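Shown next, in structure tokens, is the structure this report addresses.
The basis for the numbers below is simple: all heavy atoms, side chains too, and nothing from hydrogens, waters or symmetry mates. Quick note on labels: first sequence line is chain A, next is B, and so on, each numbered from 1. Because the structure is a prediction, the values reported are computed rather than measured.
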Amino acid sequence: MPELPDVETMRRYLESTSLHQEIAGVEVHAAGVVPSEEVIEQTRVKELKDALTGRSFASTRRHGKWMFIALDEDSDEFLVLHFGMTGGLKYFKDMEQAPEYDRVLFRFTNGYQLAYLSMRKLGEVAVIDDVGRFVHEKGLGPDALDPGFDLATFTDAVEGRRAMVKSILMDQDTIAGIGNVYSDEILFHAGIHPRTTINHLGEETLEELFHTMKDVLKKAIEYQAEPEQFPESFITRHRHDGGTCPICGSALESVKVSSRTAYYCPNRQRKKGC
DNA sequence: CCTATAGCCTGACGGC
DNA sequence: TGCCGTCAGGCTATAG
């Protein structure tokens with residue numbers, strides 16, 4: 001689930017539910033998501049609780065697949081969330097409504113609580129004091145939907161590189177926010193075979209790829225990153241064994257790229273060069 | 001620079 | 001039904 005459109009949807013969900021309420025307490029049900037060596041695990045959990053209790057969520061930001069939540073209006077401290085492959089958020093009141101796999105629970109004084117869920121515990125919950133530095137230290141590239149991330153920046157970033165185009169799209173150091181599913185969706189609409197090496201794309205195709213990337217991500221956000229709501233022309237709901245192209249009806253094929261399974265339409269996505 | 005692989009963690013699914 | 005292998009929308013570290 002959690003690629004850029006999903007995280008953006010969750011960010012909006014958090015904004016519409018959880019801002020400006022005092023945090024009464026924090027429960028960590030699975031310390032695994034609070035990064036630490038085992039010996040200092042309890043210390044890190046305590047740090048998280050101490051940093052949040054009595055504060056409130058003031059505003060949110062997102063960079064790629066990372067969400068940042070400001071603690072109080074003029075604080076430099078941020079709660080940072082990453083959702084791994086199976087993470088999510090749920091705001092609820094009664095414990096009967098508690099979701100499965102709630103790893104960290106932020107309890108508000110109004111009796112409601114926000115749960116950070118992660119079935120596979122592959123995400124991360126931490127408190128940081130400088131978003132810019134955090135993004136820099138992670139080596140993240142520009143957020144895919146940042147208006148400042150324009151065509152020229154994109155072509156500069158891939159200039160001289162010869163990796164497969166799907167690998168480039170998924171490389172968080174190059175562009176932050178795109179994962180396996182949306183790279184497939186983007187390449188499908190751009191008509192590019194996932195194993196095409198990027199140096200074999202002509203200038204025009206590269207430009208089309210860039211605009212398609214922006215369009216697909218924006219469109220997915222419009223539909224709250226819910227594949228069931230996506231237009232029929234999207235490949236996401238069809239990207240499984242036995243799936244067919246929603247446009248031409250061809251049987252979809254799959255191939256490994258960066259150890260991930262890429263689904264594509266062999267008719268509409270011709271390998272270009274290489 | 002690039003690819004492939006393993007590992008983290010848990011659950012779903014298919015085959016026998 | 002149970003057991004086993006494989007795979008899954010993430011990221012990192014490592015080797016070649």
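Under 4.0 angstrom from either OP1 or OP2 of C/dG10 there lies no side-chain N or O belonging to A/His82. Regarding contacts with the backbone of C/dG9, a side-chain N or O of A/Arg239 is found under 4.0 angstrom from either OP1 or OP2.
In this structure, the ring-ring contact (aromatic ring centres under 6.0 Å, His included) partners of A/Phe106, at least two apart in sequence or on a different chain, are A/Phe57. By the ring-ring contact (aromatic ring centres under 6.0 Å, His included) test, A/Phe78 pairs with no residue at all, sequence neighbours left out. In this structure, the ring-ring contact (aromatic ring centres under 6.0 Å, His included) partners of A/Phe230, at least two apart in sequence or on a different chain, are A/Phe234. The side-chain hydrogen bond (donor to acceptor under 3.5 Å, both in side chains) search around A/Gln113 returns none, not counting sequence neighbours.
Taking 4.0 Å as the cutoff to heavy atoms of chain A, we find the contact window on DNA chain B bounded by B/dC2 to B/dG11.
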side-chain contact (heavy atoms from CB on, under 4.5 Å) between A/Leu89 and A/Tyr13: does it pass, once the steps are laid out? CA-CA 8 Å; A/Leu89 295 175; A/Tyr13 176 73; 4.2 Å; yes
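Atom-to-atom, CD1 of A/Ile175 to P of C/dC11 comes out at 13 Å; the value is rounded to the nearest Å. Whole-Å rounding puts the A/Asn180 CG to C/dC11 P distance at 11 Å. When rounded to the nearest whole Å, the span between CD1 of A/Ile235 and P of C/dG9 equals 13 Å.
Grouping Ile, Leu, Val, Met, Phe, Trp and Tyr residues whose side-chain heavy atoms lie under 4.5 Å apart, directly or via other members, places A/Leu105 in a hydrophobic cluster with A/Phe92, A/Met95. By the 4.5 Å side-chain criterion applied to Ile, Leu, Val, Met, Phe, Trp and Tyr, A/Val255 is assigned to a cluster that also includes A/Met164, A/Val257, A/Tyr264.
Listed by first and then second residue, the ring-ring contact (aromatic ring centres under 6.0 Å, His included) pairs involving residues 122-145 of chain A are A/Trp66-A/Phe134, A/Phe68-A/Phe134 (not counting sequence neighbours). Applying the ring-ring contact (aromatic ring centres under 6.0 Å, His included) test to residues at least two apart or on different chains, none of the pairs has a partner in residues 241-261 of chain A. Pairs engaging residues 229-238 of chain A under the salt bridge (Lys or Arg N to Asp or Glu O under 4.0 Å) rule: A/Glu232-A/Arg237 [sequence neighbours left out].
Contact annotation: side chain of A/Asp6 to base of C/dG9, donor-acceptor pair present below 3.5 Å.
In DNA chain C, the stems built from three or more successive Watson-Crick or G-U pairs (distances below 3.5 Å) are B:2-8 with C:10-16, B:10-16 with C:2-8.
Residue contacts for A/Tyr101: at a heavy-atom cut-off of 4.0 Å it reaches the sugar-phosphate backbone alone, with no base atom in range.
Spacing of P atoms, B/dA4 relative to C/dC7, comes out at 15 Å, to the nearest Å. Comparing the C1' positions of C/dT6 and B/dA6 gives an interatomic distance of 15 Å, to the nearest angstrom.
Relative orientation of the A/Phe149 and A/Phe154 rings is perpendicular, given thresholds of 30° and 60° on the angle between their planes.
The 5' end of DNA chain B is approached more closely, in terms of each residue's nearest nucleotide, by A/Arg161 than by the other of A/Arg161 and A/Met119.
Within residues 251-265 of chain A, the residues approaching DNA chain C are A/Lys256, A/Arg260, A/Thr261, by heavy-atom distance under 4.0 Å.
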